[in-house]
Asks: 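Below: one structure in structure tokens.
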There are 2 protein chains.
Amino acid sequence: MKDILKNRLLLLPQSEFDLRVSRIRTLMDSAGVKAVLIADNANLYYITGRVFAGFVYLPAEGQPIFFVRRPVELDGDGAVYIRKPEEITLSIGLNMPENIGLELDTLPYSSVMRLHKVFPGTEMLNASSVMRQARAVKTPHEIDMIRRSGLKHELVYSKIPKIFTPGMSDIELQVEIERISRLEGCLGQFRISGSSMELHMGNVLAGENADAPSPYDFAMGGAGNDPSLPVGADGTLITPGTTVMVDMNGNFDGYMTDMTRVFTPEAGYLSDLALKAHQCSIDIHRALTAMMKPGAKAKDLWEKAEEMVKEQNLHSYYMGHRQHAGFIGHGVGIEINELPVIAPRSRDVISEGNVIALEPKFVIPHVGAVGIENTYVVHSDRVECLTNSPEEIVHFDI
Amino acid sequence: MKDILKNRLLLLPQSEFDLRVSRIRTLMDSAGVKAVLIADNANLYYITGRVFAGFVYLPAEGQPIFFVRRPVELDGDGAVYIRKPEEITLSIGLNMPENIGLELDTLPYSSVMRLHKVFPGTEMLNASSVMRQARAVKTPHEIDMIRRSGLKHELVYSKIPKIFTPGMSDIELQVEIERISRLEGCLGQFRISGSSMELHMGNVLAGENADAPSPYDFAMGGAGNDPSLPVGADGTLITPGTTVMVDMNGNFDGYMTDMTRVFTPEAGYLSDLALKAHQCSIDIHRALTAMMKPGAKAKDLWEKAEEMVKEQNLHSYYMGHRQHAGFIGHGVGIEINELPVIAPRSRDVISEGNVIALEPKFVIPHVGAVGIENTYVVHSDRVECLTNSPEEIVHFDI
């Protein structure tokens with residue numbers, strides 16, 4: 001890092017930068033946006049390959065300008081140091097765009113109003129959708145980064161059976177997974193677009209706690225250990241006959257995979273209902289990945305899964321028992337909640353380059369959560385799985 | 001948690017809730033705000049004692065209404081379940097306020113515009129300042145919670161000398177601190193107001209890495225391990241003659257303390273300059289806490305510290321060497337960046353009930369960061385320290 005930080009602002013290879021900018025510009029053109037000013041960390045990282053405090057000004061035509069507040073000492077690539085956003089006006093000068101796209105869905109209201117004044121008399125448009133759509137279709141470079149996170153993610157999950165000791169609580173197990181994950185290079189940061197969803201490194205749900213409703217818009221809940229963060233592990237002891245669902249952070253290089261697996265202390269103790277539901281989840285993965293071709297409708301995937309669940313009479317356990325989640329899959333990349341969304345009213349259409357986490361899950365009363373989650377890349381001719389840990393319910397080594 | 005979650009929406013004792021509401025209303029009155037609609041997780045937690053998905057509607061007079069989207073099954077206290085914010089209008093009906101305060105400094109622009117439509121024809125005001133000011137003055141109940149976090153924080157720091165092994169990198173040490181911290185009940189979540197600052201559980205800075213500039217507005221930087229999260233530990237090996245500055249998450253119950261201590265592998269190897277600067281930090285703590293009485297000006301505290309640093313000729317190392325931070329202290333509570341701010345242009349005035357983290361720090365080239373951070377409560381007649389770990393530079397047990 002040290003050498004890199006002394007170096008250029010732009011950490012992406014030039015060809016990769018050009019590709020991403022060209023995708024953003026195509027979407028800007030469709031939306032009639034003449035220039036965007038980007039401030040959101042995830043989008044700054046997408047455009048430049050680094051997070052910095054500042055802005056990328058990207059006009060429909062001409063050179064982008066990188067406005068930097070911090071860190072000091074970045075150079076090259078036309079970085080312009082500013083102390084406050086009002087100085088942007090000076091640099092743009094007479095080349096004021098006809099309209100300006102700002103990230104209205106993620107930037108605070110006050111920041112948006114201040115940035116809009118930087119472009120006096122200019123119409124303000126929403127750049128959030130442009131950026132979300134650009135990022136939904138990953139470049140080969142991005143897919144490589146997600147693939148690398150997937151390999152580390154698999155390595156961490158392969159160690160989970162060995163770190164369990166009888167008498168452990170869900171929190172104790174989660175802490176040991178956090179440790180091995182961080183030692184393998186997990187960055188810890190779990191990027192979620194928007195500020196209303198919070199989670200520390202992922203979710204470990206043991207037994208009945210899987211059924212505790214949470215306020216956050218994740219597929220599963222859990223009561224959590226404190227009312228200030230009511231999600232996930234709550235201190236439940238891990239016991240035979242119950243499951244532990246592990247859905248932990250796969251961010252090893254700025255891009256993440258999303259993977260869920262189910263563990264149980266001893267063989268032979270899980271109810272037939274739990275085993276049947278787990279198999280149904282695996283079957284849904286097979287059916288949906290067969291359908292997940294460019295042009296397929298996201299809502300058709302959701303409906304196919306719904307149909308399979310109903311055929312098996314598993315509907316009341318599907319995506320929660322006391323509280324049901326409204327989606328079974330989502331795009332993943334720099335953030336955990338990207339496009340497309342696999343949900344009943346989704347208008348998203350599957351595209352080549354989408355990276356999608358599918359997570360059909362069930363909560364079985366008195367047993368816990370079952371089902372798996374994998375992260376897939378949609379190629380023109382096939383679907384590639386990036387999270388290849390064994391899919392069956394794994395017994396802890398004891 | 002399970003029993004609590006089945007229970008009432010309002011987790012605060014009624015008298016505590018009444019106290020907080022009355023403080024908010026006093027500030028609303030001063031600002032001419034007739035009603036606020038609160039949506040930010042930190043503020044929802046402040047008002048109710050729990051995070052939920054939804055809104056608190058608090059008029060200047062009359063009953064507050066809790067609008068809940070998730071979790072299911074909350075009841076009591078007049079909780080009204082809604083699927084979307086537009087349903088708020090129905091509940092408020094003919095009692096539309098003259099104006100409505102929304103959290104303009106933290107809610108995304110699009111959310112604000114949608115919420116404002118819930119109050120047709122009503123002037124929109126900024127409720128962020130009201131909530132920030134209310135939360136800056138902690139209640140005795142809140143101080144108790146911060147005090148409890150402080151005790152756990154001290155316990156974790158007391159174990160740090162034992163977990164170091166020679167040859168460790170800063171990241172390896174941080175991971176072991178994360179583990180003991182989590183096992184002692186640290187929630188992991190490190191709440192920062194606004195989305196532009198990111199950090200995973202805190203900052204461990206070894207040797208020269210302390211001088212690497214970061215984009216984030218923290219007192220110290222560090223290159224980090226990846227350009228997607230350029231802050232903190234970067235893999236530097238911990239060696240004799242250099243320091244390790246530990247500034248790790250003290251959030252054990254929704255309220256946090258902020259504490260920094262400095263460690264070094266072996267006695268007798270640190271330069272006189274480093275030792276002198278560390279002592280200067282301790283001296284600044286003594287001088288500033290003596291001044292930190294209700295009515296004192298935040299900027300006078302900053303100036304006093306500046307003066308002491310200059311007297312010792314330590315100015316070029318103060319608050320960073322290559323990049324200097326613009327503040328030396330900040331309020332702390334539910335979030336890490338609360339009021340007041342101890343900075344040169346701060347207009348904040350110290351009040352009884354403020355909880356303030358002071359962090360005069362230095363970066364010494366070739367050695368690393370020195371100085372300490374403590375969290376203090378301002379009482380009417382004294383200042384109480386909530387982070388009482390030994391302040392000298394601690395040698396690891398090896």
Side-chain angles (χ1 to χ4, degrees), chain A residues 1-2 4-5 11 40-41 45 49-54 69-73 102 104-110 112 126 128 171-172 175-176 178-179 182-183 185 187-189 194-196 198 200-201 209 212-217 221 223-230 234 253-254 322-323 334, chain B residues 1-2 4-5 11 40-41 45 49-54 69-73 102 104-110 112 126 128 171-172 175-176 178-179 182-183 185 187-189 194-196 198 200-201 209 212-217 221 223-230 234 253-254 322-323 334:
Chain A
M1 268 303 283
K2 279 173 196 154
I4 289 170
L5 273 177
L11 293 185
D40 184 282
N41 285 350
Y45 179 63
R50 75 155 75 233
V51 169
F52 61 96
R69 286 174 46 235
R70 270 186 310 264
V72 296
E73 302 175 10
L102 300 174
L104 304 186
D105 294 350
T106 55
L107 288 201
Y109 179 90
S110 303
V112 166
N126 193 349
S128 294
I171 294 174
E172 289 164 335
V175 171
E176 301 307 331
E178 289 172 5
R179 177 176 176 273
R182 293 274 289 143
L183 289 174
L187 300 175
Q189 193 74 20
S195 58
S196 61
E198 301 172 306
H200 180 68
M201 280 203 72
N209 182 44
S214 129
Y216 304 104
D217 194 17
N225 203 26
D226 190 274
S228 70
L229 191 64
D234 73 337
D253 59 9
R322 285 160 62 194
Q323 175 173 291
I334 299 169
Chain B
M1 269 303 284
K2 279 174 193 153
I4 290 170
L5 272 179
L11 293 186
D40 183 282
N41 285 350
Y45 179 62
R50 74 154 77 235
V51 169
F52 61 96
R69 286 171 50 233
R70 271 186 310 266
V72 296
E73 302 174 11
L102 301 175
L104 304 186
D105 294 350
T106 54
L107 288 201
Y109 179 91
S110 303
V112 166
N126 193 348
S128 292
I171 294 174
E172 288 164 336
V175 171
E176 300 308 331
E178 289 172 6
R179 176 176 177 272
R182 293 274 291 142
L183 290 174
L187 299 174
Q189 194 73 21
S195 58
S196 60
E198 301 172 306
H200 179 69
M201 280 203 72
N209 183 43
S214 128
Y216 304 105
D217 194 15
N225 202 26
D226 191 274
S228 70
L229 191 65
D234 74 336
D253 59 9
R322 284 160 61 194
Q323 175 173 290
I334 299 169

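Letters go in sequence order (proteins before strands), and every chain restarts at 1.
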Asks: Looking at side-chain heavy atoms only, is the closest gap between A:Pro213 and B:Glu73 below 4.5 Å?
Replies: yes
Asks: Of all heavy-atom pairs between B:Pro215 and A:Ala53, which one has the smallest distance, and what is that distance?
Replies: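 Looking at all heavy atoms of both residues, the closest pair is O-CB, 3.3 Å.
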Asks: Which atoms of B:Leu107 come close to chain A, meaning under 4.5 Å heavy atom to heavy atom: side chain ones, backbone ones, both, or neither?
Replies: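 For B:Leu107, backbone heavy atoms alone lie under 4.5 Å from chain A.
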Asks: Atom OG in B:Ser228, atom CD in A:Gln189: separation rounded to 0.5 Å?
Replies: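 Result: 8.5 Å between the selected atoms.
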Asks: Going from CD on B:Glu178 to CD on A:Glu178, what distance comes out if it is rounded to the nearest 0.5 angstrom?
Replies: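 Reported value, rounded in 0.5 Å steps: 7.5 Å.
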Asks: For B:Ser195 versus A:Asn41, what's the shortest heavy-atom pair and its separation?
Replies: O-ND2, 3.7 Å
Asks: What residue, out of B:Ile171, B:Ile334, B:Leu229, has the most heavy-atom pairs lying under 4.5 Å from chain A?
Replies: B:Leu229
Asks: Any heavy-atom pair between the side chains of A:Arg182 and B:Arg179 that's under 4.5 Å?
Replies: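 No; the side chains remain at least 4.5 Å from each other.
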Asks: Looking only at heavy atoms and a cut-off of under 4.5 Å, which of A:Leu102, A:Asp105, A:Leu104 has the most pairs with chain B?
Replies: A:Leu104
Asks: Are side-chain heavy atoms of B:Asp226 and A:Asp253 found at a separation under 4.5 Å?
Replies: yes
Asks: Could you state the interatomic distance from CZ (B:Arg69) to CG (A:Asp217), rounded to the nearest 0.5 Å?
Replies: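 Here the interatomic distance stands at 7.5 Å.
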Asks: Give me the atom names and distance for the closest heavy-atom approach of B:Pro227 to A:Gly49.
Replies: CB-O, 3.5 Å
Asks: Tell me, side chain or backbone of B:Glu198 under 4.5 Å from chain A's heavy atoms, or both, or neither?
Replies: both
Asks: Restricting to non-hydrogen atoms, name the atom on B:Leu187 and the atom on A:Asn225 that form the minimum distance, rounded to 0.1 Å.
Replies: CD2-CB, 4.4 Å
Asks: As an exercise, state the distance from OG of A:Ser196 to CG of B:Asp40, rounded to the nearest 0.5 Å.
Replies: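 Going from the OG atom of A:Ser196 to the CG atom of B:Asp40 covers 10.0 Å.
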Asks: Can you tell me how far apart OH (B:Tyr109) and CG (A:Asn126) are? Round to the nearest 0.5 Å.
Replies: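 The CG atom of A:Asn126 is 9.0 Å from OH of B:Tyr109, to the nearest 0.5 Å.
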Asks: Of the non-hydrogen atoms in B:Gln323 and A:Val72, which two are nearest, and what is the gap between them?
Replies: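 In terms of heavy atoms, the two residues are closest at OE1-N, 2.8 Å.
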Asks: Quick one: NE2 on A:His200 to CE on B:Met201, what's the gap to the nearest 0.5 Å?
Replies: 5.0 Å
Asks: Do the side chains of A:Arg50 and B:Pro230 get nearer than 4.5 Å, heavy atoms only?
Replies: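 When only atoms from C-beta onward are counted, A:Arg50 and B:Pro230 do not touch, as no gap falls below 4.5 Å.
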Asks: Among the options A:Ser128, A:Gly254, A:Gly221, A:Ser214, pick out the one with the most heavy-atom pairs lying under 4.5 Å from chain B.
Replies: A:Ser214
